[in-house]
Amino acid sequence: MRHFGTALAVMSVAVLAVGCASSDQTATSPPRGTSLSIVVDDGGQSSWTLQCDPPDGTHPNPSEACEFLAEATVDGDDPFQPVDPETICAAVFSGAQTATVTGTWNGKQVDTKFKRTNSCETARWDAALPLLAFTGATSGP
């Protein structure tokens with residue numbers, strides 16, 4: 001019986017050590033990846049999914065959208081950053097379209113809305129066209 005108790009104690013320590021190693025690895029390894037849901041409302045509603053690494057989903061052009069997001073990562077940009085409320089924007093209404101993007105980008109939570117209600121919001125929308133896959137009119141010539 002004494003050997004059984006020793007074996008049980010050794011197994012308990014081994015399980016505890018493996019459990020600690022796993023939680024340490026999880027704590028230091030942030031989740032990676034991109035998995036987004038995109039809903040564009042331009043009077044009718046369209047919705048897509050997008051995954052990157054490799055590009056996939058129901059998005060009309062997942063490769064282009066993932067390339068856009070990869071370039072933002074390299075440049076240190078955040079395409080989901082809302083317009084700073086202190087920014088002075090021209091009151092130029094470019095359309096009632098909206099787009100909502102939720103999910104994860106590079107392991108970070110995303111929950112943002114794009115709109116075309118002033119010059120700053122329209123510029124943000126236009127910059128994200130590869131992601132939004134909007135085929136309507138843009139603000140440019």
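Here the straight-line distance linking atom OG1 of Thr112 with atom CZ of Arg124 works out to 4.0 Å at 0.5 Å rounding. Between the SG atom of Cys66 and the CG atom of Asp53 there is a distance of 7.0 Å, given to the nearest 0.5 Å. The distance from atom NZ of Lys115 to atom CG of Asp41, rounded to the nearest 0.5 Å, is 14.0 Å. Note that CG of Leu131 is 11.5 Å distant from CG of Asn61, once rounded to the nearest 0.5 Å. With values rounded to the nearest 0.5 angstrom, Gln97 atom CD is found 13.0 Å from Glu121 atom CD.
Contact check for Ser37 versus Thr102: side-chain heavy atoms found under the 4.5 Å cut-off. Between Thr104 and Gln109 there is a side-chain heavy-atom pair separated by less than 4.5 Å.
By the ring pair (Phe, Tyr, Trp, His ring centres under 6.0 Å) test, Phe80 is found to be paired with Trp105, residues two or more places apart in sequence or in another chain being considered.
Within the 3.5 Å criterion, the main-chain N or O of Asp126 finds no donor-acceptor partner in the side chain of Arg116. In this structure, the side chain of Thr58 engages the main chain of Thr49 through a donor-acceptor pair within 3.5 Å.
Across all non-hydrogen atoms, the minimal contact from Ala133 to Trp48 is O-CH2, 3.8 Å. Here the shortest heavy-atom pairing between Trp125 and Ala99 reads CZ3-N, 3.7 Å. Of all non-hydrogen atoms in Pro130 and Ala65, the two that sit nearest each other are O-CB, 3.5 Å. Among all heavy-atom pairs drawn from Asn118 and Ala90, the shortest one is CB-O, 3.3 Å.
Screening Thr100, Thr98, Val40, Val101 for a side-chain contact (heavy atoms from CB on, under 4.5 Å) involving Phe114 leaves a single residue, Val101. Across Asp77, Leu36, Val74, Asn106, a single residue satisfies side-chain contact (heavy atoms from CB on, under 4.5 Å) together with Leu69, and that is Leu36.
With hydrophobic clusters built from ILVMFWY side chains whose heavy atoms lie under 4.5 angstrom apart, Leu129 shares a cluster with Ile38.
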